[in-house]
Amino acid sequence: MIIIRVMGGLGNQLQQYALFRKFQSLGVKAKLDLSWFSQKTQESAAAPRKFALSDFEGASLETASAEEVRALLGRAYEDEAGLSEKLKKRLMPGKMPLFEESEMYHPQIFSWRARYLVGYWACEAYYADILGGLREELRFPESGDARNREAMAEMAAQPSVSIHVRRGDYLDAANAAVFGGICTEEYYDACVNYIKEKCPGAVFYVFSDDGDYVRAHFTGEEFCIVDWNRGENSFYDMQLMSCCRHNICANSTFSFWGARLNSHTDKITLRPSIHKNTQTCIPEQMKKLWDGWTLVTPEGTVI
């Protein structure tokens, strides 16, 4: 059995879910381990998160029991606390049924039939061929906010474009070192200009966790600031992004999934050329692994 650890925020959970469904599409028995969301683990987590996949109508959630995880991992398993680093180091490399993501893409995982997988699996190549099916099964529940329904109607009636600007936790010193300086003003200017050239008359819907910042930086009649979905309702920002015809993403899996769930066949999806400052963009590789996406550098160069 393949067991995939689910962890992180909504965008990361969707990537782990997509990988799980990809294995199932190949006829491989696969399940999800939700133990990271136990109260004990969340109390000690650096960034606690809520399990959110169950909010989607139609999500096929087949979860692994503690016994199934223990049977696969043996001594490397600890109840509720996840994986024991001490025990992991004591086990011989190559003999362990645990695999942790270390590169952007690990195609060898699809040859395995018994492994516990830990990672975020952001690369589009893992599940690009099943995204159509995922769009059908990952259905958002109806929002009780009339503003969301009105926005969806407007987006359908015009050349709408989502822009995601993530600040919030990315401004913390530790996170800024990893994620900062990537989605610069030059990046967003280049993305907006690229869309305007391809799609005259575009209307931009701006989503952010920093309303004051985007109101100061995205001015003009062509920009609409979406600032009413807060807290648990921020879930609906992803739905609104998916309703736009085109998408400008931040280095955030949340907006990646807003674009992935967009069903328009002629959509333009733009993303930063790197996700983290520890990465180096190799254009040929990125274009292959993110087929159909347009890459833009922090300096504002479209590649």
In the structure I gave you, are the side-chain heavy atoms of [X] and [Y] within less than 4.5 Å of one another anywhere?
X    : Y    : answer
W228 : Y236 : no
F207 : S162 : yes
T63  : V6   : no
L61  : F51  : yes
M7   : Q13  : no
L295 : R271 : yes
N251 : Y170 : yes
F110 : L26  : yes

With a 6.0 Å cut-off on ring centres, are W290 and F256 close enough?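 Centroid separation for W290 and F256: below 6.0 Å.
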
Please report whether the ring centroid of H246 lies less than 6.0 Å from that of Y205. no

Would a distance-only check, ignoring hydrogens and angles, find a side-chain to backbone donor-acceptor pair under 3.5 Å from [X] to [Y]?
X    : Y    : answer
T184 : G181 : no
W36  : L34  : no
S255 : C249 : no
N262 : C244 : yes
N193 : D189 : yes
K267 : A259 : yes
D145 : R147 : yes
D33  : I3   : no

So which atom in [X] and which in [Y] form the shortest heavy-atom distance, rounded to 0.1 Å?
X    : Y    : value
P48  : A45  : CD-O, 3.6 Å
S143 : N148 : OG-ND2, 2.9 Å
G258 : N247 : O-ND2, 4.2 Å
I303 : P283 : CD1-CG, 4.3 Å
S252 : H164 : OG-CE1, 3.5 Å
S38  : T41  : OG-OG1, 3.0 Å

Rounded distance [0.5 Å steps], [atom1] in [X] versus [atom2] in [Y]:
X    : Y    : atom1 : atom2 : answer
H264 : S242 : NE2   : OG    : 9.5 Å
E101 : Q16  : CD    : CD    : 9.0 Å
R245 : T265 : CZ    : OG1   : 10.0 Å
F37  : R49  : CZ    : CZ    : 9.5 Å
Q279 : N277 : CD    : CG    : 9.0 Å
E68  : L73  : CD    : CG    : 12.0 Å

Quick one: which residue pairs count as a salt bridge (charged side-chain N to carboxylate O under 4.0 Å, His left out) with a foot in residues 291-303, not counting sequence neighbours? none

Pairs flagged by salt bridge (charged side-chain N to carboxylate O under 4.0 Å, His left out) wherever residues 110-135 is involved - sequence neighbours left out: K22-D129, E124-R260

Which residues share a side chain to side chain contact (heavy atoms under 4.5 Å, CB included) with [X], sequence neighbours left out:
X    : value
P159 : C199
Q24  : F20, R21, A30, E62
K50  : D55, E232

Please step through side chain to side chain donor-acceptor pair (under 3.5 Å) for the pair E43 and Q39, ending with a clear verdict. CA-CA 6 Å; E43 286 175 352; Q39 181 177 351; 3.0 Å; yes

Quick one: hydrophobic cluster around V161, which other residues, with the 4.5 Å side-chain cut-off, linked directly or via members?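 The other cluster members (ILVMFWY side chains, heavy atoms under 4.5 Å, direct or chained) are I163, V165, Y187, Y188, V192, Y194, I195, F204, V206, Y213, V214, F218, F223, I225, I248, I268, L270, V296, V302.
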
Give the intermediate values and the outcome of side-chain contact (heavy atoms from CB on, under 4.5 Å) for residues M238 and L240. CA-CA 5 Å; M238 184 182 289; L240 293 180; over 6 Å; no

Take R166 and F179 through the side-chain contact (heavy atoms from CB on, under 4.5 Å) test and state the conclusion after the steps. CA-CA 10 Å; R166 180 169 176 176; F179 300 107; over 6 Å; no

Out of the candidates W257, F140, F254, only one should pair with F235 under the ring-ring contact (aromatic ring centres under 6.0 Å, His included) rule; please name it.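 Exactly one option meets the ring-ring contact (aromatic ring centres under 6.0 Å, His included) with F235, and it is F140.
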
Test ring-ring contact (aromatic ring centres under 6.0 Å, His included) on Y126 and H106 and set out the steps. CA-CA 9 Å; Y126 282 120; H106 296 280; 7.4 Å; no

Mind running ring-ring contact (aromatic ring centres under 6.0 Å, His included) on F99 and W112 for me, showing each step along the way? CA-CA 11 Å; F99 179 80; W112 299 337; 4.9 Å; yes

Surrounding CD of Q108 (heavy atoms of other residues, nucleotides or ligands, distance under 6.0 Å), is the total greater than 12?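 More than 12 within 6.0 Å, yes.
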
hydrophobic_cluster_shared for [Y] and [X], side chain cutoff 4.5 Å:
X    : Y    : answer
V118 : M104 : yes
I4   : L10  : yes
I182 : M286 : no
L289 : I274 : no

Does a salt bridge link R215 with D227, judged by any charged N lying under 4.0 Å from a carboxylate O? yes

Criterion ring-ring contact (aromatic ring centres under 6.0 Å, His included) on Y17 and F56, from CA distance to verdict: CA-CA 12 Å; Y17 176 83; F56 288 95; 8.2 Å; no

Applying side-chain contact (heavy atoms from CB on, under 4.5 Å), run through Q15 and Y127 and close with a yes or a no. CA-CA 9 Å; Q15 284 161 180; Y127 33 73; 3.1 Å; yes

Begin from the C-alpha positions of D237 and Q239 and carry the test side-chain contact (heavy atoms from CB on, under 4.5 Å) through to its verdict. CA-CA 5 Å; D237 275 358; Q239 181 184 30; over 6 Å; no

